[in-house]
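Side chains included, hydrogens not; waters and symmetry mates left out as well; all remaining heavy atoms used. The structure presented is a predicted model; accordingly, all values stated were derived computationally and were not measured.
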Amino acid sequence: MSKILYIAWKEGKIQSRYRFVWFNRSLTPFFMLAPYVLIARSLSSSLESWVLVGSLIWYWLNQYFFGVGDAFSEEREEGTMANIALSPLSLLGFLVGKGLWLMVDCLYITAITIVFFALLGVSQGAWWLMLLLYLLCGVFMFAFSIFFAGLVLIFRRLASINFIIQQGLGLLSGQTAKIEAYPRSIQLIAYTIPLTYAIRASRALVDGNLYLVSSSFVGLISTTMLYLLIGLVAIYWAEKRLRIEGSWEVW
C-alpha cells in the first residue's frame, strides 16, 4: 500500500511544480462545459442541470482515460516503461497510484467548476452533496479506465485515438442529450457503457428519483465490473507476454 501511495504522492509533487497549469486547470473545464450548459438553458431551464451533471461525469472519464488509460504510453514516451515493469510494484498497483492522485485532481477541478456554475445561477447539479456523487461515479470511471489501459498495453496505437474514443463514449452515453431520443440500436450500445449509468444516476438524483438512482447503480456496478475484469486479464496477459519476449524496452 505504501508503494501505491508513493506513486500518488509523486504525481502530486510533479504537478505542484507547474503552478500556472493549476490556474489553467481551474478555468478550462468551466469554459469547456459552459457553452453546452448555457445553450441548454436557452432551450429549457430543466435541461441545464441535466447537461451539467452529464458533462461533469464525462469530464471525470476524460481525466481518467488520459491519466490512467494512457499511463503506459506516457511512461514509454518518457523512457521509464521498463523501470516501471521491473519495479516491485505491480502494473495494477502503479495504475491505482495514478488513479488516487487523479481523484484528488478531479475533486479540485469539479469543486471549482461547481462554484463557477453556481455563480451563474445553475442551482441543481452544482450543489455540494452532488460532489459526493461525482466522486463515487469517478471511482467507477477509474475502474473503466483500467480496461482501456489493458487494451493500450496490448494495442499501443490505441492511445493515439484516446480523445476520439472519449468523445464517442460521451456522445453514446447521452452526455448532453437524453439517450431515449436515440434509435433503439444506439440505445442498446449505450447501455453497455458504464458512463451511461453514471450519468443517468446523477440526473435521477437531481430529479429526486431515488428508485432510478438505485437501479442505475445496479447497471453501473454490473457493467463496470465486467470491463474491469477484462482489463485485469488484458494487463496480466500483456505483462506476461512482454516478460517472456523480453520486449519491455521496445514496447
Side-chain angles (χ1 to χ4, degrees), residues 25-66 102-145 166-182 186-187 190-224:
R25 291 161 75 83
S26 301
L27 299 178
T28 299
F30 170 75
F31 285 107
M32 184 167 63
L33 304 182
Y36 299 106
V37 177
L38 296 180
I39 290 173
R41 170 187 281 185
S42 68
L43 297 174
S44 172
S45 58
S46 62
L47 285 177
E48 63 179 13
S49 294
W50 272 54
V51 172
L52 175 59
V53 298
S55 298
L56 282 174
I57 295 295
W58 172 83
Y59 196 81
W60 279 71
L61 177 137
N62 171 278
Q63 294 298 98
Y64 271 111
F65 265 52
F66 275 131
L102 283 170
M103 186 174 295
V104 176
D105 188 30
C106 287
L107 276 174
Y108 166 78
I109 292 172
T110 305
I112 296 296
T113 305
I114 283 177
V115 170
F116 283 135
F117 277 110
L119 292 175
L120 286 180
V122 182
S123 56
Q124 292 181 311
W127 40 286
W128 291 107
L129 286 179
M130 286 295 293
L131 193 61
L132 297 177
L133 184 65
Y134 296 139
L135 172 61
L136 182 57
C137 290
V139 173
F140 289 97
M141 294 306 101
F142 161 70
F144 190 24
S145 68
Q166 294 172 28
Q167 293 294 326
L169 289 173
L171 178 64
L172 289 171
S173 300
Q175 173 192 348
T176 57
K178 298 180 180 181
I179 63 172
E180 289 78 11
Y182 291 169
I186 302 299
Q187 290 186 44
Y191 285 120
T192 66
I193 303 171
L195 180 61
T196 299
Y197 296 98
I199 291 175
R200 190 171 70 168
S202 302
R203 289 173 175 169
L205 184 60
V206 169
D207 293 339
N209 190 338
L210 297 183
Y211 173 77
L212 187 56
V213 172
S214 59
S215 63
S216 296
F217 266 99
V218 171
L220 178 58
I221 293 171
S222 301
T223 54
T224 303

Handout entry: Phe116 vs Leu27 side-chain heavy atoms within contact, under 4.5 Å
Key = yes
Is the shortest side-chain heavy-atom distance between Gln166 and Phe66 below 4.5 Å? yes
Under the criterion side chain to side chain contact (heavy atoms under 4.5 Å, CB included), I'd like the reasoning laid out for Ile186 against Leu172: C-alpha separation, chi angles, the key distance, then a yes or no. CA-CA 7 Å; Ile186 302 299; Leu172 289 171; 3.8 Å; yes
Note: Val206 and Ser49 closest approach over all heavy atoms is CG1-CB, 4.1 Å
Heavy-atom closest pair (Ser145 atom, Tyr64 atom, distance to 0.1 Å) is CB-O, 3.6 Å
dist Leu135:CG -> Trp60:CH2 (nearest 0.5 Å) comes out at 5.0 Å
Item to check | Test item: Ile109 and Gln63 side chains (from C-beta on) under 4.5 Å apart, heavy atoms | outcome: yes
| request: Please check if the side chain of Ser215 supplies one atom and the backbone of Leu212 the other of a donor-acceptor pair under 3.5 Å. | output: yes
Exercise for the section: State, with a plain yes or no, whether a side-chain heavy atom of Asp207 is found less than 4.5 Å away from one of Trp50. Expected result: yes
Closest non-hydrogen atoms of Val53 and Ser202, given as atom of the first, atom of the second and distance, are CB-CB, 4.1 Å
Taken to the nearest 0.5 Å, the spacing of Ile39 CD1 from Leu47 CG works out to 12.0 Å
query: Hey, are the side chains of Phe140 and Leu61 touching, using non-hydrogen atoms and a 4.5 Å cut-off?
result: no
Rounded to the nearest 0.5 angstrom, the CG-CZ distance for Leu120 and Phe30 is 4.5 Å
Practice prompt. Tell me, with the steps shown, if Gln175 and Leu169 meet side chain to side chain contact (heavy atoms under 4.5 Å, CB included).
Written response: CA-CA 9 Å; Gln175 173 192 348; Leu169 289 173; over 6 Å; no
So CZ of Phe117 and CG of Leu33: to nearest 0.5 Å the spacing works out to 5.5 Å
Before you tell me yes or no, could you show the steps for Thr113 and Tyr59 under side chain to side chain contact (heavy atoms under 4.5 Å, CB included), namely the whole-Å CA-CA distance, both residues' side-chain angles and the distance that decides it to 0.1 Å?
CA-CA 11 Å; Thr113 305; Tyr59 196 81; over 6 Å; no
In terms of heavy-atom contacts, Gln187 and Glu180 come closest through NE2-O, 3.3 Å
With distance as the sole test, does Tyr36 use its side chain to make a donor-acceptor pair with the main-chain N or O of Leu52 at under 3.5 Å?
-> no
To the nearest 0.5 Å, atom CG of Leu220 lies from atom CE of Met141 at 5.5 Å
Test item: side-chain donor near acceptor, Thr176 and Trp58, under 3.5 Å: no
- Sidechain-backbone polar pair: Thr110 side chain, Leu107 backbone, donor-acceptor under 3.5 Å: no
Test item: Phe144 and Pro194 side chains (from C-beta on) under 4.5 Å apart, heavy atoms: yes
Here the pair of heavy atoms bringing Leu195 nearest to Ile57 is CD1-CG2, 3.4 Å
Rounding to 0.5 Å, atoms CD1 (Ile193) and OG (Ser173) come to a distance of 4.0 Å
All heavy atoms of Ala111 vs all of Leu131, minimum pair found to be N-CD1, 4.2 Å
Does any part of the side chain of Asn209, heavy atoms only, come nearer than 4.5 Å to the side chain of Arg203, both counted from C-beta?
no
*asked:* Within the 4.5 Å heavy-atom criterion, are Leu210 and Leu205 side-chain neighbours or not?
replied: yes
